[in-house]
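Worksheet: one structure, shown below.
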Amino acid sequence: MIDLEKIAIEDTQKWLLEAVVGLNLCPFAKAVVVKDMVRYRVCASAEPADVLAMLREELQHLAEADPDTLDTTLLIAPNALPDFLDFNDFLEDCDSVLMDLELDGVLQVADFHPRYQFGGTDVDDIENFTNRTPYPTLHLLREASIDKAVEAYPDASLIFERNIEVLNKLGHAGWAKLGIESRLHN
């Protein structure tokens, strides 16, 4: 019997280390990874309502946690919302939970998906890979942490452009060599 939670976390950690930190896709990530300030949670359910319930719990947990010990949470949903458009629509429900908890302006929810696609791109365009993960993932983060990071990195608005340049140089073959994929659904 496979340990879904363990595999989903390991695959996500590999993505975080190899792509996000390793390719420096997010220059703010390395510090929280090195300091072990990332919480990994897995919702094994295929039901979006269960993911939302866990999102509610995790937003509350992060809001109440000491920011010096916990900076961010990755909520991984390996069995839910495999279709990117369904996942994209689901993000409205995530925003509603954030508003309902009155945490907008305190926390935010960023999104990653194995089939992530920016508007106006083709599905296989390399820039989509900046937001591709092994599993549908919600990234819960503190607004204060974002503000501090942007202060320390004055050209934050250029990160996306730099990421596209990095991925264009890496190419699809280079991305494939990173081995960032789901071991649960292959």
Side-chain angles (χ1 to χ4, degrees), residues 1-59 61-62 70-91 93-94 109-118 121-141 160 163-164 166-186:
M1 183 169 177
I2 64 168
D3 185 343
L4 177 129
E5 184 172 333
K6 181 176 186 262
I7 292 171
I9 290 171
E10 287 173 353
D11 289 351
T12 300
Q13 287 173 326
K14 180 173 178 142
W15 162 76
L16 186 60
L17 291 172
E18 299 290 330
V20 178
V21 173
L23 298 175
N24 199 30
L25 296 179
C26 177
F28 320 126
K30 185 176 182 178
V32 296
V33 170
V34 168
K35 294 176 186 173
D36 196 27
M37 297 174 68
V38 180
R39 177 176 163 97
Y40 301 89
R41 299 287 290 148
V42 176
C43 181
S45 175
E47 295 301 321
D50 294 336
V51 178
L52 283 177
M54 192 169 209
L55 173 64
R56 176 178 293 277
E57 292 169 11
E58 291 304 317
L59 285 167
H61 180 86
L62 183 59
L70 179 61
D71 190 71
T72 191
T73 299
L74 292 174
L75 175 53
I76 308 155
N79 296 318
L81 302 154
D83 180 86
F84 177 67
L85 293 177
D86 291 342
F87 177 78
N88 203 43
D89 290 344
F90 171 76
L91 298 174
D93 295 332
C94 296
V109 179
D111 56 295
F112 299 90
H113 193 277
R115 293 177 186 88
Y116 198 96
Q117 184 176 354
F118 289 105
T121 65
D122 289 330
V123 70
D124 290 327
D125 286 352
I126 196 71
E127 63 257 36
N128 294 320
F129 287 71
T130 62
N131 287 50
R132 289 203 178 167
T133 50
Y135 310 100
T137 300
L138 300 172
H139 178 197
L140 290 51
L141 59 162
F160 183 70
N163 288 349
I164 292 172
V166 166
L167 289 176
N168 276 323
K169 287 179 186 174
L170 183 68
H172 290 285
W175 181 268
K177 286 181 183 176
L178 295 175
I180 301 168
E181 57 191 31
S182 163
R183 290 181 291 153
L184 295 171
H185 303 300
N186 287 335

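We use all heavy atoms of the structure for the numbers below, so side chains are in, but hydrogens, waters and symmetry mates are not. Each residue takes its place number in the sequence, starting with 1. Everything quoted here is computed from the prediction, not taken from an experiment.
For the side chain to side chain donor-acceptor pair (under 3.5 Å) test, residues two or more places apart in sequence or in another chain that qualify with Thr72 are His139. Partners of Arg56 according to the salt bridge (Lys or Arg N to Asp or Glu O under 4.0 Å) rule, which considers only residues two or more places apart in sequence or in another chain, are Asp100. Legend: residues meeting ring-ring contact (aromatic ring centres under 6.0 Å, His included) with His172, ordered by chain and number and at least two apart, are Phe129. Remark: Asn131 engages Phe112, Tyr116, Phe118 in a side-chain contact (heavy atoms from CB on, under 4.5 Å) (not counting sequence neighbours). In this view, Val109 and Leu55, Leu59, Leu138 satisfy the side-chain contact (heavy atoms from CB on, under 4.5 Å) rule, not counting sequence neighbours. Taking the salt bridge (Lys or Arg N to Asp or Glu O under 4.0 Å) definition, one finds that Glu10 meets it with Lys6, Arg183, sequence neighbours left out.
For the atom pair NE2 (His113) and CG (Asp111), the distance works out to 9.5 Å, reported to the nearest 0.5 Å. We find the CG-CG distance between Leu52 and Asp93 to be 5.5 Å, quoted to the nearest 0.5 Å. Rounding to the nearest 0.5 Å places CG of Leu62 at 11.5 Å from CG of Leu75. For the atom pair CG (Leu74) and CG (Leu141), the distance works out to 9.5 Å, reported to the nearest 0.5 Å. With rounding to the nearest 0.5 Å, the separation of CD1 in Ile9 from CG in Asp3 is 8.5 Å. Atom-to-atom distance recorded for Ile7:CD1 and Ile76:CD1 is 12.5 Å, nearest 0.5 angstrom.
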Throw together a table of side-chain donor-acceptor distances under 3.5 angstrom for residues 41-51, partners on residues two or more places apart or in other chains.
unit_1	atom_1	unit_2	atom_2	d
Arg41	NE	Glu58	OE2	2.8
Ser45	OG	Glu47	N	2.9
Ser45	OG	Asp50	OD2	2.6

Using residues 80-91 as the side-chain source, report each donor-acceptor pair under 3.5 Å to any protein atom, sequence neighbours left out, with the distance given to one decimal.
unit_1	atom_1	unit_2	atom_2	d
Asp83	OD2	Leu85	N	3.0
Asp83	OD2	Asp86	N	3.0

**Request:** List the steps, then state whether side chain to side chain contact (heavy atoms under 4.5 Å, CB included) holds for Val38 with Val33.
**Result:** CA-CA 6 Å; Val38 180; Val33 170; 4.3 Å; yes
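Between the Thr12 side chain and the Ala8 main chain, a donor and an acceptor come within less than 3.5 Å of each other.
The shortest distance between side-chain heavy atoms of Leu184 and Leu4 falls below 4.5 Å. Counting only heavy atoms from C-beta outward, the side chains of Met37 and Leu70 never approach each other to under 4.5 Å. Side-chain contact between Leu170 and Leu178 is present, with heavy atoms from C-beta onward closer than 4.5 Å. For the pair Pro136 and Pro114, the minimum side-chain heavy-atom distance is below 4.5 Å.
Residues Asn163 and Thr130 have side chains that never bring a donor and an acceptor to within less than 3.5 angstrom of each other.
Residue pairs that meet the ring pair (Phe, Tyr, Trp, His ring centres under 6.0 Å) test with at least one member in residues 22-51, sequence neighbours left out, are Phe28-Tyr153. Applying the salt bridge (charged side-chain N to carboxylate O under 4.0 Å, His left out) test to residues at least two apart or on different chains, none of the pairs has a partner in residues 121-133. For the salt bridge (charged side-chain N to carboxylate O under 4.0 Å, His left out) condition, no pair includes a residue of residues 17-38, sequence neighbours left out.
In plain terms, the two heavy atoms of Tyr135 and Ser182 that are nearest each other are CE2-OG, 3.0 Å.
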